[in-house]
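Working notes, structure below.
Because the structure is predicted, anything quoted here is derived from the model rather than measured. Worth knowing before you read on, the calculation uses all heavy atoms, side chains too, and leaves out hydrogens, waters and symmetry mates.
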Number of protein chains: 2
Amino acid sequence: MAACLLFESDFIMQKYNTADILAMEQRYRAAFINSLGGFKSGVLVGTADKNGNTNLAIFNSLFHLGANPALCGLIIRPDSVARHTYENILDTGSYTINHIHEGIYKQAHQTSARYDRDRSEFNETGLTEHYENGIVAPFVAESKVRFALEFAECHELKINGTILMIGKIIKVMLPDDCVLPDGFIDIERAGTITVSGLDSYHTTNRLSRLSYAKPDVALTEVS
Amino acid sequence: MAACLLFESDFIMQKYNTADILAMEQRYRAAFINSLGGFKSGVLVGTADKNGNTNLAIFNSLFHLGANPALCGLIIRPDSVARHTYENILDTGSYTINHIHEGIYKQAHQTSARYDRDRSEFNETGLTEHYENGIVAPFVAESKVRFALEFAECHELKINGTILMIGKIIKVMLPDDCVLPDGFIDIERAGTITVSGLDSYHTTNRLSRLSYAKPDVALTEVS
């Protein structure tokens with residue numbers, strides 16, 4: 001399908017243009033395009049409706065939006081398997097983000113199955129609800145790095161009908177030995193995994209932390 | 001600062017509420033909150049202005065937005081060091097995304113230094129411009145997975161003045177041995193690294209790919 005040529009360096013580059021992408025079979029294209037953005041944050045989003053019926057769903061579209069105020073963004077397709085999460089956030093304004101480690105990544109992936117509304121993914125996967133005072137949405141007890149969001153702003157992205165949900169971070173829970181003196185959270189030490197594509201899970205190995213970059217100043221490794 | 005208690009499992013959880021987060025020193029909070037979202041995609045964004053003056057900047061806010069049409073989102077602070085990227089995208093509509101591997105991650109980090117407009121980060125870091133027919137923005141020749149975006153839609157996020165830039169994927173270049181038969185791109189094989197916080201770079205190790213999840217069906221590992 002795609003043009004192929006020997007590149008100036010030592011690997012053979014395959015090229016795809018718009019027509020090649022459009023010609024891909026639908027599931028093939030979904031796998032291909034989902035891989036392109038690089039490694040992603042895979043997290044469990046916990047919610048409940050007004051009656052306390054809980055929901056848990058894996059997302060790989062969480063991203064940092066700002067530190068002051070402390071904000072995260074999440075992309076949701078309201079017509080997809082994620083619709084219960086979307087409806088619960090609109091219903092209560094409350095959601096939790098729970099990092100995934102090697103011990104729970106299969107259960108986390110299983111939450112992407114299309115369960116009926118009356119079946120909680122907590123029960124179905126054996127993950128445990130944990131509650132904090134004043135926060136409606138359930139945390140995942142097995143998760144080591146978790147935080148609660150309060151819904152703040154949303155945008156409909158007209159180009160494909162997805163919704164950007166923005167939330168304010170109102171509570172954080174994490175292992176006390178993972179916070180370094182400068183505020184950096186060592187999520188690798190906490191066992192947090194990363195995701196690529198739609199279904200690939202990875203642990204990580206730190207290369208290094210690098211110093212704040214300035215013009216004409218050599219970088220150093222932060223110990 | 002934060003309350004600390006022994007959790008029901010075997011690790012000690014530290015808790016932070018909104019007041020704790022607000023009380024953090026500014027740089028401490030930036031490091032802390034930037035770590036919370038989990039592992040991120042670290043990529044180099046290549047642009048040029050109408051006169052062909054190039055710019056290269058590292059971003060860790062790229063995310064997948066949809067496969068059909070093939071879209072990516074990028075968060076930009078127009079008043080930050082990223083302002084040249086923002087202005088160039090508005091100027092030409094063209095930008096490239098270039099994955100980072102272990103061989104170039106220090107050069108990639110160095111692009112975050114605040115260079116004057118007339119100094120190209122390509123020259124300053126020794127990375128090489130690569131051009132494709134019909135695409136104004138430069139690619140990074142040393143990058144193994146790269147693609148070009150055509151600016152499509154933007155949203156101002158009122159809550160903190162950041163901009164969500166949405167682009168359509170119009171060209172993809174990658175090593176031919178990294179695309180699996182189902183369309184999944186093995187970015188780990190391509191050496192793509194991941195980022196945590198503001199300054200930490202990591203390689204990855206695949207745990208497994210998991211099958212499409214269905215209710216009441218056991219997951220299997222995809223070989």
Side-chain angles (χ1 to χ4, degrees), chain A residues 11-18 21 28-35 37-39 41 61-64 66-67 70 72 106 109-110 112-113 115 152-153 155 159-160 170-173 175-176 182-185 187 192 194 196-197 199-207 209-210 213-215 219, chain B residues 11-18 21 28-35 37-39 41 61-64 66-67 70 72 106 109-110 112-113 115 152-153 155 159-160 170-173 175-176 182-185 187 192 194 196-197 199-207 209-210 213-215 219:
Chain A
F11 46 94
I12 297 171
M13 296 294 272
Q14 196 97 9
K15 296 188 185 187
Y16 304 81
N17 60 27
T18 302
I21 294 169
Y28 186 100
R29 181 172 51 228
F32 186 88
I33 299 295
N34 263 281
S35 308
F39 287 101
S41 172
S61 63
L62 183 82
F63 56 91
H64 169 80
C72 276
K106 290 182 180 177
H109 186 77
Q110 182 62 30
S112 64
Y115 292 106
E153 186 175 308
H155 293 260
I159 199 161
N160 68 351
I170 57 169
K171 180 141 209 164
V172 179
M173 305 171 69
D176 68 343
D182 66 349
F184 176 81
I185 304 168
I187 60 173
T192 298
T194 181
S196 70
D199 54 22
S200 186
Y201 297 86
H202 309 251
T203 57
T204 63
N205 289 306
R206 175 169 295 109
L207 290 164
R209 292 184 67 195
L210 297 177
K214 295 177 180 174
L219 293 171
Chain B
F11 47 93
I12 297 172
M13 295 295 271
Q14 195 97 8
K15 296 188 186 187
Y16 304 81
N17 60 27
T18 303
I21 294 168
Y28 186 100
R29 180 172 53 228
F32 185 89
I33 300 295
N34 263 280
S35 308
F39 287 102
S41 171
S61 63
L62 183 83
F63 57 92
H64 169 81
C72 276
K106 291 183 180 178
H109 186 77
Q110 181 63 31
S112 64
Y115 292 107
E153 186 175 308
H155 293 260
I159 198 161
N160 69 351
I170 57 169
K171 180 139 210 166
V172 178
M173 303 171 70
D176 67 342
D182 67 350
F184 175 80
I185 304 168
I187 60 173
T192 298
T194 181
S196 71
D199 55 22
S200 186
Y201 297 85
H202 309 251
T203 57
T204 64
N205 289 307
R206 175 169 294 109
L207 290 165
R209 292 184 66 194
L210 297 176
K214 295 177 181 175
L219 292 171

Side chain B:Ser200, main chain A:Arg209, donor-acceptor under 3.5 Å: no
Partner chain A: residue of B:Ile33, B:Leu210, B:Leu62 with the largest heavy-atom pair count (under 4.5 Å): B:Leu210
Between B:Asn160, B:Asp182, B:Thr194, the one whose heavy-atom pairs under 4.5 Å with chain A are most numerous: B:Asp182
Closest-packed option against chain A by number of heavy-atom pairs under 4.5 Å, given B:Ser196, B:Ala152, B:Ser112: B:Ser196
Aromatic plane relationship, A:His155 with B:His155 - under 30° parallel, 30 to 60° tilted, over 60° perpendicular: perpendicular
Structural part of B:Lys106 lying under 4.5 Å from a heavy atom of chain A: both
B:Thr192 side chain to A:Gly38 backbone, donor-acceptor under 3.5 Å: no
Non-hydrogen side-chain atoms of A:Tyr115 and B:Pro215 separated by less than 4.5 Å: yes
Nearest heavy-atom neighbours spanning A:Pro175 and B:Met13: N-SD, 4.0 Å
Side-chain heavy atoms of A:Phe184 within contact of B:Ser35, under 4.5 Å: yes
Closest non-hydrogen atom pair, A:Lys214 against B:Gln110: O-NE2, 3.0 Å
Under 4.5 Å from any heavy atom of chain A - which part of B:Glu153: side chain
Pick from A:Thr18, A:Ile159, A:Asn205, A:Ile170 with the largest number of heavy-atom pairs that fall under 4.5 Å of chain B: A:Asn205
When A:Val172, A:Leu219, A:Ile187, A:Asn17 are compared by non-hydrogen pairs under 4.5 Å with chain B, the top option: A:Val172
A:Ala30 to B:Ala67 - nearest heavy-atom pair and separation: CA-CB, 3.8 Å
Heavy-atom side-chain contact between A:Phe39 and B:Phe39 under 4.5 Å: no
